[in-house]
Amino acid sequence: MTNTKAGWNFDNSYARLPDNLFAKVSPTEVEDPAIVVVNEPLAASLGLHAEVLRSSNGTAIFAGNALPEGSEPIAQAYGGHQFGHFNRLGDGRAVLLGEQITPDGERFDIQLKGSGRTPYSRGGDGRAALGPMLREYIISEAMHGLGIPTTRSLAVVTTGEAIYRETALPGAVLTRVAASHLRVGTFQFAAQWGTQDELRELADYALQRHFAEVDTEEGDNRYLVLLRKVAERQAALIAKWQLVGFIHGVMNTDNMAISGETIDYGPCAFMDAFDSATVFSSIDTQGRYAYGNQPRIGAWNLARLAEALLPLLHEDDDEAVRLAQDVLEHYMDRYHQHWLAGMRAKLGLADTEQEDEALIQELLAMMQKTKADYTNTFVALTFDRFDGLPLAEHEDFAAWLDRWLVRRGRQAATLDDAHQLMRRSNPAVIPRNHRVEEALDAAVKNGDYSVMERLLNALAHPFAHSAEQVEYAVLPEQQNCNYRTFCGT
Ligand code: AMP
Ligand code: MG
């Protein structure tokens, strides 16, 4: 037990759910912990004092060598379809310390990742390497900067211990902050290995925790509302991913959060050249989780959630299926609406016209053909820099440009409004793979965190379009093609 001065203010509501859904387990102590990064703005928003977090006591907590006051540590059980195959899973290398109640009364899970073995570890060592934990830190903070719902990273500590993958690597623990760690797979676990009462308790918990604003009084079909709300949040989330060129890489059902946050930054990466077939993950040989498939995989995962919830939706099985199908059909429409609205904004269109979608699709087709950089093309359009673009070499570009400029000029919004809208909708910086690798190399090989710090500063305000950000728009010599990411690192 330790240090109230850091500002820890824990509740442990998940640990009060049926005990089939988790295992009580403490993090495993590590040899020689040292803090390498603390997220000060995030700490402040949680009501935590960064300088106390950096003390030896704070370090011990982030390493799993001490527990914050009020913590009842657990590992959560879940199932999941991994590349289509259903498995019994759970936090195999993570421990939920509890839920921090912020000064504003909000509730966030505080989870250690890489904190040792649990009853769900199967053959794994329960540990994580420094590089991948810093990678999660960088990309989750970039997503936050882009305004995309995401889990966040509060701190990374090194453990002073080596972990063994293909080679020996420095071990690390990441402290992850999430609206919750409820997953589609949590419901699959309860449906498969729990009782119907346990499933219902879990669903009631999710409703209360994430959809308290929803009117689910007696008589409403609360569980249908839950399914609809989760689908709505996923439609909005995946549209945001598509709009910035984010590829999650491992959209297994255990990696889809009920809260609508992006979770589990393993093999994710941002696309450079626009290509809907883009895949970075070394094990995704079929392209199941390719950029262009993400919206459909969202639907597939929601269908698995619907299956898990069926017994709660209606006592009549056929009626339950019909109700679920309605929601799932609606998801694709909602996804499409969010995507179209976002694409219009990227082109500075504040109102809607029937032909907008064709205009957008033609642009994307030209980008695909000319291997145009996704982010930089939209930035160039934002600042009317049409010459010298790879896209401009396309034979149809000049005609497209005329049509778009006429369309943009035809709206009630002024040209200045349109430019402002484009600036807000087209990021100047994304965490480009070569810049992320450069930051990780400096940190892991040389203990130099300054490269990562500069990158994080640029990523914190991606819509600033400032002079310092220009260097982050420079492309790698070889786009996309030979970049590979890895799961389970
Ligand atoms: P992921 O691919 O990161 O979503 O992980 C899938 C499952 O494998 C989860 O249940 C993880 O907890 C588990 N897992 C991943 N890495 C390890 C590890 N090093 N030790 C134990 N379990 C792990
Ligand atoms: Mg996972």
Side-chain angles (χ1 to χ4, degrees), residues 21-23 25-28 30 64 73-97 109 111-137 139-140 150-151 153 159 161-178 180-190 192-193 247-259 261-269 279-285 288-289 297 301 304-305 484-489:
L21 296 174
F22 60 90
V25 55
S26 289
T28 307
V30 300
I74 58 169
Q76 292 173 313
Y78 46 87
H81 277 91
Q82 298 179 299
F83 291 89
H85 303 286
F86 190 59
N87 290 311
R88 185 170 172 132
L89 304 167
D91 290 331
R93 56 164 171 176
V95 164
L96 178 65
L97 294 180
D109 275 8
Q111 191 204 60
L112 301 183
K113 182 168 173 180
S115 54
R117 288 178 52 79
T118 76
Y120 310 112
S121 295
R122 300 176 291 166
D125 62 359
R127 291 296 180 193
L130 178 59
M133 294 305 97
L134 294 176
R135 196 165 185 279
E136 168 153 353
Y137 190 106
I139 300 188
S140 61
T150 177
T151 64
S153 303
T159 59
E161 297 175 2
I163 69 158
Y164 298 91
R165 296 295 181 254
E166 274 158 17
T167 56
L169 299 168
V173 180
L174 171 88
T175 301
R176 179 156 76 179
V177 177
S180 85
H181 285 83
L182 290 167
R183 306 148 189 268
V184 169
T186 318
F187 286 87
Q188 292 181 289
F189 181 92
Q192 183 79 23
W193 292 292
I247 300 163
H248 183 286
V250 62
M251 288 178 71
N252 296 336
T253 55
D254 51 304
N255 295 334
M256 183 186 265
I258 297 300
S259 65
E261 288 181 343
T262 312
I263 189 169
D264 226 317
Y265 291 90
C268 62
V279 173
F280 291 108
S281 172
S282 58
I283 61 169
D284 192 2
T285 47
R288 178 180 171 93
Y289 299 141
I297 290 292
N301 289 351
R304 304 291 79 77
L305 176 63
R484 280 284 160 267
T485 58
F486 300 92
C487 291
T489 44

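Side chains included, hydrogens not; waters and symmetry mates left out as well; all remaining heavy atoms used. First listed ligand is number 1; within each ligand, the first listed atom is number 1.
- Distances from atom 15 (C) of ligand 1 to the heavy atoms of Arg183, Arg165, Arg127, Arg93 show the closest one on Arg93.
- If you look at Asn252 next to ligand 1, there are no close heavy atoms at all, none under 4.0 Å.
- Assignment of Arg88 to the shell around ligand 1 is not supported, since no heavy atom sits closer than 4.0 Å.
- The distance from atom OG1 of Thr28 to atom CG of Asp125, rounded to the nearest 0.5 Å, is 10.5 Å.
- Rounding to the nearest 0.5 Å gives a distance of 12.5 Å between CE of Met256 and OG1 of Thr186.
- Of the polar atoms of Val250, none of the N or O atoms is found under 3.5 Å from an N or O of ligand 1, judged by distance alone.
- The Mg ion (ligand 2) has an N, O or S atom of Asn255 inside 2.8 Å of it.
- Counting heavy atoms from C-beta outward, Ile247 and Tyr289 have side chains that stay 4.5 Å or more apart.
- Nearest heavy atom pair, residue His248 against residue Ile263, reads NE2-O, 2.8 Å.
- For ligand 1, the atoms sitting less than 4.0 Å from at least one non-hydrogen atom of Tyr78 are 9 (C), 10 (O), 12 (O), numbered in the order shown with element in parentheses.
- At a 4.0 Å heavy-atom cut-off, ligand 1 touches Asn255 through the side chain alone.
- Taking backbone and side-chain atoms together, Asp264 has an N/O/S atom less than 2.8 Å away from the Mg ion (ligand 2).
- Heavy atoms only, all atoms of each residue included: Arg484 and Val279 are closest at NH1-O, 3.6 Å.
- Each of the atoms 18 (C), 19 (N), 20 (N), 21 (C) of ligand 1 lies under 4.0 Å from some heavy atom of Gly126.
- The shortest N or O to N or O distance between Asp91 and ligand 1 is not under 3.5 Å.
- Between Tyr265 and Tyr137, the ring center distance fails the sub-6.0 Å criterion.
- Taking only nitrogen or oxygen atoms, main chain and side chain alike, Gly92 reaches within less than 3.5 Å of ligand 1.
- Considering Arg122, Lys113, Gln82 only, the shortest heavy-atom separation from atom 8 (O) of ligand 1 involves Arg122.
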Exercise for review: Run the numbers on Leu169 and Leu130 for side-chain contact (heavy atoms from CB on, under 4.5 Å), then give the verdict.
Suggested key: CA-CA 8 Å; Leu169 299 168; Leu130 178 59; over 6 Å; no
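- Look at Arg304 and Asp254 and you find no salt bridge, because none of the NZ, NE, NH1 or NH2 atoms lies under 4.0 Å from a carboxylate O.
- Each of the atoms 4 (O) of ligand 1 lies under 4.0 Å from some heavy atom of Asp254.
- A donor-acceptor contact closer than 3.5 angstrom links the side chains of Ser153 and Ser140.
- Listed by atom number, the atoms of ligand 1 under 4.0 Å from Gly124 heavy atoms are 20 (N), 21 (C).
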